[in-house]
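Throughout, a chain's letter reflects where its sequence line sits, starting with A, and its residues are numbered from 1.
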Amino acid sequence: MSVRVRFAPSPTGSMHIGNVRTAIYNYLFAKAQGGEFIVRIEDTDLVRSGQEFEQNLLLDLKWLGLEIDEGPETPGEYGPYRQSERGDFYSKYAQQLLDHRQAFYCFCSEEEIAQRREERREKGESLHYDGRCRHLSDDEVKRRRDGGEGAVVRFLAPQKDFHLKDVVRGDVAFPDGMIGDFVIMRESGMPVYNFCCVIDDWKMKITHVIRGEDHLPNTVRQLMIYQALEVTPPIFAHASLLVGEDRQKLSKRHGVTSLAAFRDLSFLPQTMINYLVLLGWSHPDERVIMSKDELETIFTLERMHKAPALFDLAKMRWMNGQQLKLLSPEEQLKVVTGWIKADHQFHQEKHQWQMSFLSLFLDKIEMEDDLTDHLDLIFATAPVASSEEQPELEELNALESTGQMRSYLAAELSRLKQQGSEFVPVEAFSGWTSYFKQELKIKGKPLFKGMRLILTGRISGGDLSALVPITPIDVLLARVS
RNA sequence: GCUCCCAUCGUCUAGCCUGGUCUAGGACACCGCCUUUUCACGGCGGUAACAGGGGUUCAAAUCCCCUUGGGAGUACCA
């Protein structure tokens, strides 16, 4: 049977990276197995769900390049793909469970249950639902329902041990009494997660359920339902959690956690996939930089890691640089150009010039914020020097040779500008250097650092002979005067 | 409280299943050196970990037990 996996987010906010990683695992596994990647929207919580969230979710997956085989916008034969539209399935099987006495109507209000739980807590007893409505007679149920009394449907939890064979965790035991009778249908008639999940995974012919470890306790409930329905459960793989600095499950309060936020920070989709997949999975040969295509052939559930993983922005940053270097020059330019504000002078320059800029700085660029400094080096007219550079800078400035070079360069630049040049020809630059050496007898630190100071306003930086020819003459003139 | 899960450098991890080749390997970060008359890249090197205690065994990071620590769940959320 062909592998079918699903990513089943609830549209209640922007997609956070824990979910993104789950999506990636599912997608990669599907690809590696030649199977299907299905997206199912879990929107049974009408209050928290929103249509705009679903749209963003789908857009996020698209941005990542995770192609959906079946989903709300590309339905296959097992739809609908939104739980809010699958009501018939749920009521049908809820009724079946009711008929078979595997579920029952419960008339207890939330307040009553909370109160009874408190009482049991004081007595040190189990906090589960106490089974009060378990054995109401059919007549009583009918009477109370006909009388308009609200009721939920509870699943009657079997009193026995359960056992799960999890691909990443191995054998997991769930002892008898771990959970009480749980709600599968709300008073409003809306089904609840654990129930929908089973019905949908079954009806959508899902073969492997790959999800976060936080769902592990849910799995017993689901196993119970599978058994009651006499359906063979899928294979489960529970991935470790992603945690924040405090080692707790990653959530909004950990700062930057949504995919959108990382995208805004200029992380590439490849980086997201590459970095996230490595947070809980490893390549058999410990390769680190990988493309999505490579991952699609090599990913296996067996190499998933059990312990929770912590985010390391520094490594992710490095990885972004590595992924950037993997692109073709044209693609690199496109990415980098996208990082620069629309009204920046950079966009006015010719393609050839932009490529020169890129090749000069590519090694130093990992993220968007690396760019500012390099752009300033080319375009900023006012010199920027750090405070600790100040003493050396002043010392250099006071040198007689610096003054000589400054007036010479000012004259040269004006001459070039009058000739109509926009940039300094490479030969002109080397001409200046030889002139300073041979005629003015300036050499060593006063020569190189001095020229750098005059032309860039700084005392350290990249190769001047490459930098100067791509700096606009107007900028250089402003710096010299 | 109860149930379940987890535990190798600061971080991500390899190794653990199938004990010896592990004086524990890699990556990020950090620190040196080389190269570069400067920056970066690169190259070379360094600091740094098997949570603790008991077993089993000729031999344990690897198997078992306990302790400790961390996490998750315990909803008419998913």
- Task: Using the P atom as the reference point in each nucleotide, state the distance between B:C22 and B:U38 in Å, no decimals.
- Result: 41 Å
- Item | Whole-Å distance separating the CG atom of A:Leu250 from the P atom of B:U11 | 16 Å
- Message: With a cut-off of less than 4.0 Å, is there a side-chain N or O of A:Arg186 near OP1 or OP2 of B:A78?
- Response: yes
- Message: Counting only side-chain nitrogens and oxygens, does A:Thr44 get under 4.0 Å of the OP1 or OP2 atom of B:A78?
- Response: yes
- How would you list all residue pairs meeting salt bridge (Lys or Arg N to Asp or Glu O under 4.0 Å) that involve residues 277-287 of chain A, not counting sequence neighbours? A:Arg287-A:Glu294
- Item | Residues forming a side chain to side chain donor-acceptor pair (under 3.5 Å) with A:His208, sequence neighbours excluded | none
- Message: Considering only residues two or more places apart or on different chains, which pairs with a residue in residues 159-169 of chain A satisfy salt bridge (Lys or Arg N to Asp or Glu O under 4.0 Å)?
- Response: A:Lys165-A:Asp171, A:Arg169-A:Glu213
- Can a side chain N or O of A:Ser282 be found less than 4.0 Å away from OP1 or OP2 on B:U13? no
- Item | Atom CZ of A:Arg145: over 12 foreign heavy atoms under 6.0 Å | no
- Task: With sequence neighbours excluded, tell me which residues meet salt bridge (charged side-chain N to carboxylate O under 4.0 Å, His left out) with A:Arg117.
- Result: none
- How long is the line joining CD of A:Gln222 and C1' of B:C77, in whole Å? 14 Å
- Would you list the pairs meeting side chain to side chain donor-acceptor pair (under 3.5 Å) in which at least one residue belongs to residues 179-191 of chain A, sequence neighbours left out? A:Arg134-A:Asp181
- Query: salt bridge (charged side-chain N to carboxylate O under 4.0 Å, His left out) between A:Asp369 and A:Arg317: does it pass, once the steps are laid out?
  - Reply: CA-CA 11 Å; A:Asp369 57 10; A:Arg317 195 184 174 93; 2.6 Å; yes
- Note on the structure: So, with a heavy-atom separation below 4.0 Å from RNA chain B, the residues of residues 172-181 of chain A are A:Val172, A:Ala173, A:Pro175, A:Met178
- Task: For B:G15, take OP1 and OP2 only and decide whether either is under 4.0 Å from a side-chain N or O of A:Arg303.
- Result: yes
- Audit row: A:Arg40, A:Glu42, salt bridge (charged side-chain N to carboxylate O under 4.0 Å, His left out) steps and yes/no: CA-CA 6 Å; A:Arg40 180 174 74 224; A:Glu42 309 223 324; 2.9 Å; yes
- Query: Does A:Lys306 have a side-chain nitrogen or oxygen under 4.0 Å from the phosphate oxygens OP1 or OP2 of B:C16?
  - Reply: no
- Round to a whole Å and report the spacing from NE2 of A:His128 to P of B:U74. 10 Å
- Task: Measure the distance from CG on A:Leu455 to C1' on B:U38 and round it to the nearest whole Å.
- Result: 14 Å
- Only one of A:Phe361, A:Phe379, A:Trp339, A:Phe357 passes ring-ring contact (aromatic ring centres under 6.0 Å, His included) with A:Phe346, and that residue is A:Phe357
- Query: From the list B:G71, B:C76, B:A78, which nucleotide is the closest neighbour of the side chain of A:Asp45?
  - Reply: B:A78
- Message: For a quick check under 3.5 Å, do A:Asn320 and A:Tyr275 share a side-chain donor-acceptor pair by atom type?
- Response: no
- Query: Under the 3.5 Å rule, do the base of B:A78 and the side chain of A:Asp214 count as making a donor-acceptor pair?
  - Reply: no
- In whole Å, what separates the C1' atom of B:A27 from that of B:A49? 15 Å
- Take the protein atom CZ of A:Phe7 and the nucleotide atom P of B:A78, then report the distance between them rounded to whole Å. 16 Å
- Task: Answer yes or no: does atom CD of A:Glu52 have more than 12 heavy-atom neighbours from other residues, nucleotides or ligands under 6.0 Å?
- Result: yes
- Where along residues 80-93 of chain A does a heavy atom fall under 4.0 Å from RNA chain B? none
- Query: Taking protein heavy atoms under 4.0 Å as touching, what does nucleotides 26-32 of chain B look like 5' to 3' if B marks base contact, S marks sugar-phosphate-only contact and - marks none?
  - Reply: BBB----
- Do any side-chain nitrogens or oxygens of A:Lys449 fall under 4.0 Å of OP1 or OP2 in B:U38? no
- Note on the structure: In 5'-to-3' order, the base (B), backbone-only (S) or no-contact (-) status of each nucleotide in nucleotides 41-49 of chain B, using a 4.0 angstrom heavy-atom cut-off, is S--------
- Query: Which residues in residues 155-170 of chain A have at least one heavy atom lying under 4.0 Å from any atom of RNA chain B?
  - Reply: A:Arg169
- Note on the structure: Taken in chain and number order and not counting sequence neighbours, the residues that satisfy side chain to side chain donor-acceptor pair (under 3.5 Å) with A:His305 are none
- Message: Using the P atom as the point on both nucleotides, what is the distance between B:G46 and B:A7, in whole Å?
- Response: 30 Å
- Query: Between A:Arg48 (CZ) and B:C76 (C1'), how many Å, whole number?
  - Reply: 13 Å
- Which listed nucleotide (B:C76, B:C6, B:U13) is nearest to the side chain of A:Ala309? B:U13
- Hey, could you give me each pair passing side chain to side chain donor-acceptor pair (under 3.5 Å) that has a residue in residues 148-159 of chain A? Not counting sequence neighbours. A:Arg144-A:Glu149
